[in-house]
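Take a look at the structure set out below.
Predicted, not measured: the structure shown is a model, and the values here were computed from it. Here is the naming used below: chain letters follow the sequence lines, and residue numbers restart at 1 for every chain.
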There are 2 protein chains.
Amino acid sequence: MVGMDFVPLGLATDLVILTVRDGRLQVLLIRRGIPPYVGQWALPGGFVRPDEDLETTARRELAEETGLSAERIHLEQIATYGAPDRDPRGRVVSVAYLALVPDLPVPVAGSDAASAGWIDVRDAGELAFDHGRILTDGVERARAKLEYSPLATAFCPPEFTISELRGVYEAVWGTPLDPRNFHRKVTKTPDFVAPAGATTTRDGGRPAQLFHRGTATTLHPPMTRT
Amino acid sequence: MVGMDFVPLGLATDLVILTVRDGRLQVLLIRRGIPPYVGQWALPGGFVRPDEDLETTARRELAEETGLSAERIHLEQIATYGAPDRDPRGRVVSVAYLALVPDLPVPVAGSDAASAGWIDVRDAGELAFDHGRILTDGVERARAKLEYSPLATAFCPPEFTISELRGVYEAVWGTPLDPRNFHRKVTKTPDFVAPAGATTTRDGGRPAQLFHRGTATTLHPPMTRT
DNA sequence: ACAAAAGTGTTCCGGCTACACCCATGA
DNA sequence: TCATGGGTGTAGCCGGAACACTTTTGT
């Protein structure tokens with residue numbers, strides 16, 4: 001370890017912001033307005049400010065892009081991407097974060113609202129920079145975590161039905177699940193979900209109980225992806 | 001996104017190099033010789049060079065510290081640590097990597113050999129900077145990955161017995177496993193290990209078959225950590 | 001012969017799968 | 001009354017836990 005010789009480089013965070021809308025897993029993308037990669041979709045992101053923690057940067061970007069006061073939003077680091085040529089403008093190392101947000105009726109209200117939108121992850125196609133790779137890694141992280149954590153509730157509003165929760169799993173994994181077995185698994189696992197007391201008929205049919213998040217942090221044994 | 005305004009900061013990689021020696025999980029630590037944290041144990045690491053990929057930096061550091069030509073060594077990113085005050089000398093963001101190495105008869109031969117050593121992870125105590133946190137995260141990553149991947153073989157020489165492999169699991173997890181069930185699980189899982197043909201009596205008792213790594217990348221269903 | 005470790009067979013049991021079945025509402 | 005989704009019961013199966021037992025070496 002030599003001295004504090006700083007190589008000139010930029011440090012940024014990029015965000016994979018996922019939600020479930022219309023039964024499909026979607027990601028928030030920005031249409032680039034300036035070179036490089038003009039006109040292509042990219043992940044939202046920005047540079048880390050002096051004396052700003054990495055997660056603080058990510059939360060700030062999240063708030064800027066979605067209008068969500070990012071307090072209660074699930075946010076976790078994915079990985080850091082630092083290939084020397086990943087940005088043609090110069091050396092930029094990016095710490096990628098995964099954010100899971102509920103399907104709120106809040107429109108995308110960033111500084112560049114007209115050019116941002118929710119895109120089906122299956123339709124995302126080629127992204128700017130190495131953002132395709134980052135998106136893939138983020139989606140895979142989300143898929144894996146649903147197996148052994150109660151993370152799916154991060155996609156749900158504060159109160160939700162079991163079948164809404166199942167819809168999250170089905171959208172993220174892209175596979176149908178047995179409603180009856182899913183119901184049993186989720187309600188019998190201690191502290192996975194907690195009954196809210198009320199019921200709703202918003203999904204049609206017999207009224208469904210409403211639940212909110214439980215206190216569990218892991219799922220033993222895990223949910224099985226078929 | 002403004003221009004390429006680079007905040008002055010250092011970008012480094014730190015390494016959690018784990019091995020299994022004498023049936024215990026050990027980590028390679030460096031005794032610091034210069035401030036800050038003089039005399040305390042720290043993870044090996046160093047700054048990223050211009051135009052150097054992050055993993056290249058990590059492999060270079062690994063080779064410098066262990067003398068291992070790091071080609072065949074398992075190396076994966078853990079996470080990036082960027083709290084503004086994590087280094088009292090200035091802003092240094094560190095990308096941490098996890099390396100798993102076999103128990104080779106190679107002495108630790110770094111630039112600072114006298115002050116480096118293999119330390120039981122349970123005895124590591126307080127480390128310099130936020131390295132304690134990084135070590136914890138790295139060890140937890142290794143523990144988790146043994147469950148659902150054939151990663152334990154990364155701790156083994158090219159040819160190993162089933163009980164040596166079990167020894168890895170027991171050392172990393174800190175719990176004993178049933179030798180009979182472990183043997184069945186490992187040998188019945190397709191492509192987890194492949195018979196090498198030879199046998200050895202180096203563990204005493206009846207000769208044991210030697211195996212090498214299989215081609216499997218995941219373990220379904222996973223190994224259970226009791 | 002005996003100790004020690006390798007490897008096999010077998011029983012028990014918990015959890016998942018698949019599906020039959022009943023419940024409570026809106027139209 | 002019917003369609004729709006909510007929720008329960010249950011039989012069968014798969015895989016892990018536990019452990020008795022046989023095999024093959026060194027001393």
Original post:
So which heavy atom on A216(B) is nearest to which on P190(B), and how close?
Top reply: CB-O, 3.8 Å
Original post:
Is R225(B) salt-bridged to E140(B), going by a charged N under 4.0 Å from an acidic O?
Top reply: yes
Original post:
Would you call D203(A) and R166(A) a salt bridge, taking side-chain N to carboxylate O under 4.0 Å as the test?
Top reply: no
Subject >> Modelled atom types, side-chain donor and acceptor of D137(B) and Y81(B), under 3.5 Å >> reply: yes
Subject >> L177(A) CG to dG5(D) P, straight-line distance once rounded to whole Å >> reply: 16 Å
Original post:
Rounded to the nearest Å, what distance is computed from the CG atom of residue D178(B) to the C1' atom of nucleotide dG9(C)?
Top reply: 13 Å
**OP:** Using the side chain to side chain donor-acceptor pair (under 3.5 Å) rule, pick out the option among D123(A), D120(A), D103(A) that qualifies with Q26(A).
**Re:** D120(A)
Original post:
Just checking S163(B): base, sugar-phosphate only, or nothing, at a heavy-atom cut-off of under 4.0 Å?
Top reply: sugar-phosphate
**OP:** Write down the distance between CZ (R225(B)) and P (dA17(D)), rounded to a whole number of angstrom.
**Re:** 14 Å
Original post:
Do we get R32(B) above W41(B)'s six-membered ring, with its NZ or CZ under 6.0 Å from the centre and within 45° of the axis?
Top reply: no
Original post:
When all nucleic acid strands are considered with a 4.0 Å heavy-atom cut-off, which category describes T224(A): base, sugar-phosphate, or nothing?
Top reply: sugar-phosphate
Original post:
Taking all atoms of both residues into account, what is the closest heavy-atom pair of C156(B) and F160(B), and its distance?
Top reply: CB-CD2, 3.7 Å
**OP:** Return the value, rounded to whole Å, for the distance between atom CD of E164(B) and atom C1' of dA5(C).
**Re:** 12 Å
Subject >> DNA chain C contacts made by residues 147-158 of chain A, counting heavy atoms under 4.0 Å >> reply: none
Original post:
Is it true that atom CZ of R86(A) has more than 12 heavy atoms of other residues, nucleotides or ligands lying nearer than 6.0 Å?
Top reply: yes
Subject >> Within residues 179-212 of chain A, residues whose heavy atoms come under 4.0 Å of DNA chain D >> reply: R180(A), H183(A), R184(A), D203(A), G204(A), G205(A), R206(A), P207(A), A208(A), Q209(A)
